[in-house]
*Asks:* 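One structure coming up, written as structure tokens, with questions to follow.
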Amino acid sequence: MENTIIKIETNLHDNAPILELNDIEKNFPGVKALDGVQLKLYPGQVTALVGENGAGKSTIVKILTGIYQPDGGAISMDGNDIKFPTPRDASNAGVTAIHQETVLFDELSVAENIYLGHAPKNKMGLIDWAKLNSDAEKMLKTISADIDPTTKLADLGIANKHLVAVARALSIDARVVIMDEPTASLSHKEINELYELVKILKNEGKAILFISHKFDEIFTIADHYTVFRDGQFVSDGLIKDVNEGDLVKMMVGREIADVFPNRIHKIGNEVLSVVGYEHPTEFSGINFKLHAGEILGFYGLVGAGRSELMQALFGITKPSRGAIRINEKVTTINSPAGAVKHGIVYVPEDRGKQGAVTGLPIYQNVSLPSLSHTSKKGFLRATEEFKLAREYTQRLDLRAASLDQHVGNLSGGNQQKVVIAKWLATEPRVIILDEPTKGIDIGSKAAVHEFTTELAEQGLAVILVSSEIPEILGMSDRVIVMRDGLIAGEFINEGLTPEILVKTAAGIGE
């Protein structure tokens with residue numbers, strides 16, 4: 001579904017940049033993360049930082065916020081050289097970041113989060129709680145956020161947590177606001193509300209660095225663009241002077257003419273059948289079949305019950321009734337281990353919390369579900385673990401310094417590839433991909449799509465859960481649309497249109 005917000009216009013006069021980075025370098029063991037990059041951020045304007053996963057975007061954000069120190073180059077504010085030895089120094093200089101996953105404290109109130117570290121004090125030097133809540137209420141009204149400042153943050157949804165993060169940015173009188181994938185977990189309505197907040201920030205004269213993999217957002221919200229590739233600066237300029245194809249070519253160094261690969265459709269025998277599947281609170285009356293070599297798309301709006309159904313199929317939760325047939329044999333799955341044993345694997349949407357052990361190296365993550373194949377007489381064989389990991393990460397074009405690198409140090413797209421590789425190494429019959437390209441760049445998306453197509457051509461049965469209509473239409477043989485925990489429609493993907501999917505998902509015209 002396209003966002004309905006109109007392009008945010010800006011008068012692009014010749015302002016000097018508030019913040020400027022020149023020839024920034026950053027090295028890690030065996031990796032040159034940044035190699036002479038540059039970036040300019042202007043008052044009252046939005047600069048989109050564009051690049052594939054691993055291009056250096058996250059590293060530059062950490063340098064701007066004082067988490068990392070550059071190994072070379074210079075940073076200036078208002079034409080004066082400056083350094084951010086610590087995050088507090090960056091904050092004191094007026095640089096703040098709103099991340100994809102808001103870095104706030106659930107157990108504190110909204111007001112406490114907004115003024116954390118700079119709360120108003122009374123004459124005794126203690127926190128003035130009345131003024132704290134009053135100031136927070138005024139700040140929230142400034143951005144049209146209808147939130148009680150005394151509410152505990154844990155009681156808010158993701159969208160409102162983002163509003164609190166914006167209020168915090170305004171409360172410290174930030175001059176530079178970094179928005180790092182801020183819409184990844186938001187609904188379309190919430191995204192449009194975030195756009196309105198960007199207007200407020202621009203009117204306040206803030207310089208905004210906007211990082212997103214979604215081109216519709218970039219062309220809606222940005223005034224300038226800067227492109228990084230493989231840790232190097234590629235180009236910058238006005239967003240009105242380029243199109244989507246131009247940015248893609250700059251990002252990947254090549255044209256991606258067709259995002260969704262063609263494949264030979266060889267639909268085989270029934271592999272999985274779900275009959276009368278129900279859960280007390282999440283879904284009911286679920287019936288569908290899946291065949292070898294088939295990609296079955298699941299589409300629906302937020303709260304439709306798709307992920308909850310997939311988690312039940314993988315044994316994470318238990319249905320209240322219903323049955324699964326695998327190769328026409330009734331099967332009971334009570335745990336993820338049982339699902340894997342029967343050839344069903346699940347690549348979750350939340351790869352950071354559910355998909356990978358970020359504190360372990362790549363090779364151990366990939367081999368984790370396959371220890372029986374990489375051990376002998378109870379002892380792990382590192383050589384076999386590396387061999388297994390190398391085979392599957394190479395097939396997915398994983399980009400990492402080595403297989404010893406910790407998964408937590410990889411970009412989001414490469415973390416996703418590790419999770420997919422881990423489950424493919426178990427040689428499953430059915431693979432469930434839950435939002436497999438969420439939050440990853442166009443190059444990584446193309447790699448995931450290509451490999452998904454190869455899996456189907458090799459006879460694997462694929463369930464693809466996605467909120468992106470082009471992905472559903474470009475990849476699926478059949479599409480099931482869910483609404484309010486029910487199957488609202490099932491379609492052969494021939495002549496299927498976005499309008500049909502959206503109307504079915506929203507219950508329009510029934």
Side-chain angles (χ1 to χ4, degrees), residues 17 19-41 46-76 83-84 87 90 95 97-101 176-182 184 207-215 218 222 224-237 242 246-254 352 358 362 397-402 405-418 439-447:
L19 185 67
E20 188 170 357
L21 286 73
N22 286 299
D23 298 322
I24 298 296
E25 295 184 4
K26 183 62 182 176
N27 301 302
F28 297 104
V31 180
K32 196 172 188 66
L34 296 175
D35 185 10
V37 300
Q38 62 188 55
L39 177 68
K40 296 178 181 179
L41 303 178
V46 178
T47 298
L49 180 56
V50 185
E52 293 190 87
N53 289 101
K57 305 187 300 296
S58 297
T59 304
I60 207 71
V61 168
K62 289 177 179 177
I63 286 175
L64 285 173
T65 52
I67 297 172
Y68 289 164
Q69 300 305 306
D71 296 318
I75 304 174
S76 63
K83 293 183 178 180
F84 304 136
V95 179
I98 301 168
H99 296 279
Q100 176 177 341
E101 296 180 359
V176 175
V177 179
I178 302 166
M179 308 186 85
D180 189 0
E181 296 285 356
I208 302 167
L209 178 63
F210 187 79
I211 300 173
S212 175
H213 292 113
K214 301 176 182 178
F215 281 178
I218 290 170
H224 302 265
Y225 70 88
T226 297
V227 180
F228 288 178
R229 183 172 72 238
D230 297 330
Q232 297 182 325
F233 170 82
V234 175
S235 180
D236 62 9
V242 294
D246 296 329
L247 287 184
V248 170
K249 190 172 182 179
M250 285 186 274
M251 284 171 56
V252 302
R254 63 191 186 279
T358 55
I362 295 167
D397 191 26
L398 179 77
R399 299 183 183 183
S402 74
Q405 187 173 350
H406 280 200
V407 172
N409 294 329
L410 297 175
S411 63
N414 283 313
Q415 286 185 14
Q416 186 73 305
K417 291 177 183 180
V418 171
I440 66 176
D441 61 79
I442 192 166
S444 293
K445 282 186 178 183

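Everything numeric in this text was worked out from a predicted model, so none of it was measured.
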*Asks:* Say whether, by atom type as modelled, one donor and one acceptor occur between the side chain of Lys57 and the main chain of Gly51 under 3.5 angstrom.
*Replies:*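 Judged by distance alone, yes, a pair lies under 3.5 Å.
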*Asks:* Shortest non-hydrogen contact from Glu25 to Gly36?
*Replies:*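 Distance-wise, the nearest heavy atoms are CG-N, 3.6 Å.
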*Asks:* Please round to the nearest 0.5 Å and tell me the distance separating atom CG of Asp180 and atom CD1 of Ile211.
*Replies:*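 CD1 of Ile211 is found 4.5 Å from CG of Asp180.
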*Asks:* By ring-ring contact (aromatic ring centres under 6.0 Å, His included), which residues pair with Phe233, not counting sequence neighbours?
*Replies:* none
*Asks:* Would you name the heavy atoms of Ser235 and Tyr225 that are closest together and state the gap between them?
*Replies:* OG-OH, 3.6 Å
*Asks:* Report the C-alpha distance between Met179 and Ile208 in whole Å, list the side-chain angles of each, state the deciding distance to 0.1 Å, and finish with yes or no for side-chain contact (heavy atoms from CB on, under 4.5 Å).
*Replies:* CA-CA 7 Å; Met179 308 186 85; Ile208 302 167; 4.0 Å; yes
*Asks:* What distance separates Leu34 CG from Ile63 CD1, expressed to the nearest 0.5 Å?
*Replies:* 5.0 Å
*Asks:* To the nearest 0.5 Å, what is the distance between OH on Tyr68 and CD1 on Ile24?
*Replies:*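 That separation rounds to 15.0 Å.
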*Asks:* side-chain contact (heavy atoms from CB on, under 4.5 Å) for Val177 and Ile98? Distances and angles first, verdict last.
*Replies:* CA-CA 7 Å; Val177 179; Ile98 301 168; 3.9 Å; yes
*Asks:* Looking at every non-hydrogen atom in both residues, tell me the closest pair between Gln38 and Thr226 and how far apart they are.
*Replies:* O-CG2, 3.8 Å
*Asks:* To the nearest 0.5 Å, what is the distance between CD on Gln405 and CD1 on Ile362?
*Replies:*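 That separation rounds to 5.5 Å.
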*Asks:* Using side-chain heavy atoms (C-beta onward) and a distance below 4.5 Å, is Asp236 in contact with His224?
*Replies:*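 In short, these two side chains do not touch, never coming nearer than 4.5 Å.
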*Asks:* Within this structure, what is the CD1-CG distance for the pair Ile178 and Leu41, rounded to the nearest 0.5 Å?
*Replies:*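 So the gap between those two atoms works out to 7.5 Å.
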*Asks:* Is the closest side-chain heavy-atom distance between Val242 and Met250 below 4.5 Å?
*Replies:* yes
*Asks:* So which atom in Leu19 and which in Ile75 form the shortest heavy-atom distance, rounded to 0.1 Å?
*Replies:*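 Nearest heavy atoms, Leu19 then Ile75: CD1-CG2, 3.8 Å.
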*Asks:* For Gly66 and Ala90, which heavy atoms make the closest approach, and how far apart are they?
*Replies:*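 That closest heavy-atom pairing would be N-CB, 4.0 Å.
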*Asks:* Are any non-hydrogen side-chain atoms of Leu64 and Leu21 less than 4.5 angstrom apart?
*Replies:* yes
*Asks:* Considering non-hydrogen atoms only, spot the tightest contact between Thr65 and Ala97 and give its length.
*Replies:* CG2-CB, 3.9 Å
*Asks:* Between Asn27 and Lys32, is any pair of side-chain heavy atoms under 4.5 Å apart?
*Replies:*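 SC-SC contact between Asn27 and Lys32 confirmed.
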*Asks:* Short question: side chain of Lys26, backbone of Gln69 - any donor-acceptor pair under 3.5 Å?
*Replies:*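 Yes; at least one donor-acceptor contact below 3.5 Å.
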